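What follows is a set of notes on a single structure, which appears directly below.
Order of the sequence lines fixes the chain letters, A, B, ..., with proteins taken first and strands second; residue numbering starts at 1 for each chain. The structure displayed is predicted, hence computed values, not measured ones.
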Amino acid sequence: MNSRAAILNRIAKAGREPTTSVIAPQSDQSGCTHATLDTHTPDTDLWQRFTQRLKDNGITSRQCRDAAEIPTCVADLANITTSNPQRVCIAPHAMFQDRDWNTAGVSEMHYGSWKTGDGVAVSHARLGIADSGSLVLASGEDSPTGLAFLPEIHIIALQRNSLVATLTDAMVRFAEWKNMKRNSLPRAINIVSGASRTADIAGKIVHGAHGPRKLCVVIYDNA
Amino acid sequence: MHPETHHFSERSKRAAQDKDLQDALEGLATGFVARRKDAIADCAHFEALRNQGRDIRTRTCADLERHLLSFEAKAEQAGSRIHWAETGDDACAIVEKICRDAEAQSIVKGKSMVSEEIGLNAHLEASGYAVVETDLGEYLLQLRGETPSHIIAPAIHLSEHQARATFLKSHDTLNPKRDLGTPETIVGEARALMRDKFLNADVGITGANFLIAETGSAVVVTNEGNGDLSATLPKVHIIVTSLDKVVPTLGETSILLQLLARSATGQAMTAYTTLFTGPRHSTDLDGPDACHIIIVDNGRSDILASDAAEVLNCIRCGACLNHCPIYTTVGGHSYGWVYPGPIGAALNPALLDLASTRDLPDASTLCGRCEEVCPVKIPLPKLLRQWRAKDYARRQTSRKKLAIMAWAWMAKRPTLYALWASVIARALKSRHGAHHTVPLAKGWTTHRDFPASEGQTFQAQWRRAKKKARPS
């Protein structure tokens, strides 16, 4: 008997009967189970909560009217000036293409994956989560995962209509993000809720353990 | 990691006298405990989340075969390769073979308690591979040749001074006069050294906090981001995890994640929570070419069939450690194996054996704090009592059993019992008020005198006093 069969056989023999749940999660039509908890709040409170949570998580945020203003916000958040030039790696996302980065002061930039020497990276979030002040990124041809972990400063753009209330609201949506060809989720879905940090030296929280020392969000209205 | 659970008694005595350790453990109350309290005060529905969490874990373990098979099917569909390992040695051999096939020169590794349990680093190093722990706490321990003392903060026992001294000693090619005066400079040095390791590694090994059956994904939670770098930059990603980590759906995983972060570090969400599903897609700009998931049993399927099965509901947040009066006094190393604190005391006898871990269930005041703070409401005091009862039954010699049977026989016969008690009471009478030695009571009289009896049993004295008081 191979290991797989032996293990599964022992589990089957354990003969534990499925029990009825005390608080039954509900299944929707996609077969996806989600919480019955009423954690939703009215939309008016959602933005307030989200911005407060971003602040609690040490995430700096900027709001702009439309996507054309993203380069200016990026330069501002990363403090890019002529005396402080920084190379910016930008995800090849449609919202970032054909923008006037140069005029905004971002003269050294490239689209694609992070390269040694890139101090700043810009990604685009699929969702924001109000309850926890989190941003959700998903890997793909317009979103290299490394951008979230390799630069000193990571800036994430979030479209205003992409905010959900809770982590559960966000996660049940992941099932819709399946790649048609492989019928599976994106390779990496990153739920980012702050800059890289560690408390491994005598319990003191230090930012920039391995990944970004600073995390920023640019929230823009629909283009 | 070689178990040394039978040394609990000596180790805990030493730990209680260790000033550095006591200082470090004092920080738990102001750190993890206070932050968890604030996070829960800020989450009105936390109790409802706990009930759901317990429910999700109980139902999943009750139908584990189905969820594991579903996970396997989805993960393979996503391009992951699934390996099943009955024992720790099997798992280590599988990892070694993957590394060999990948012609790996260097390996980076994220924190994984299962890999500690199976002794993966020692196995790979003995096979000639260079493995670098990338979690800062684990890296410090690797340099010092130590083992983790906490489930989520492995180097909690080390002071800032000890961390600095370790770097000065181990990073001996750097300027010995460099500034390492603050936690920031120590972290900065680790970051710079580790960056090279990440960029040049051939294989990245991580654990998994959860496996999602609905999508075939592995969830990895870190604050440092080291797990993500280990899983993204090398060409091969190996996930070493155990079969109890499976969760049926995305929605249910979201409930457990909310419980995990708040209970562990007092955050609404950990800095990085990532769902990994298979290797890179053809259009992806980064990510590994291959993803292997090793599902380790190592005794868990037997636990599932036992009366200790609830211990498998654990989501490894470490809250029971932080709130345990014993753990916070003796630290994690006293427990002698990977899993310390109340969860270790309940799990280790099941994963190892009761004979070598018998002191651990006793290392509890049964105050119940562990159960109160457990995000999935594992009845830890009940499980510890179960182990105590089993150990008691196991240790009874036939002589002791006979003595107890004789006592029980006599206790059921009041006249005979009173006669026997009066003989003993007379024998223990002494003019000096106490006995220095008493036959069969060396355990007592070695440390203190045994009080002398009045010469009569209480009942006899009562009868006499009553008779005296009665009017004639």
For [X], which atoms come within 4.5 Å of any heavy atom of chain B: side chain, backbone, both, or neither?
{"X": "A:Ser134", "value": "side chain"}
{"X": "A:Ala195", "value": "backbone"}
{"X": "A:Ala148", "value": "backbone"}

What part of B:Ala78 gets closer than 4.5 Å to chain A, counting heavy atoms only: side chain, backbone, both or neither?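 Contact with chain A is through both the backbone and side chain of B:Ala78.
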
Under a 4.5 Å heavy-atom cut-off, does chain A meet the side chain of B:Thr232, its backbone, both or neither?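 Interface part for B:Thr232: both.
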
Charged N-O contact under 4.0 Å between [X] and [Y]:
{"X": "B:Asp42", "Y": "A:Arg53", "value": "yes"}
{"X": "A:Lys204", "Y": "B:Glu160", "value": "no"}
{"X": "B:Glu65", "Y": "A:Lys13", "value": "no"}

Any chance the side chains of A:Ser113 and B:Asp286 put a donor and an acceptor closer than 3.5 Å? no

Within this structure, what is the CG-OG1 distance for the pair B:Asp196 and A:Thr116, rounded to the nearest 0.5 Å?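 Interatomic distance, B:Asp196 CG to A:Thr116 OG1, rounded to 0.5 Å: 9.0 Å.
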
Using the side chain to side chain donor-acceptor pair (under 3.5 Å) rule, pick out the option among A:Arg187, A:Glu141, A:Arg182 that qualifies with B:His281.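 Testing B:His281 for a side chain to side chain donor-acceptor pair (under 3.5 Å) against A:Arg187, A:Glu141, A:Arg182 leaves exactly one candidate, A:Arg182.
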
Any cation-pi pair here, A:Arg10 with B:Trp84, using under 6.0 Å and within 45°?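 Judged by the rule (NZ or CZ under 6.0 Å from the ring centre, within 45° of its axis), A:Arg10 is not positioned above B:Trp84.
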
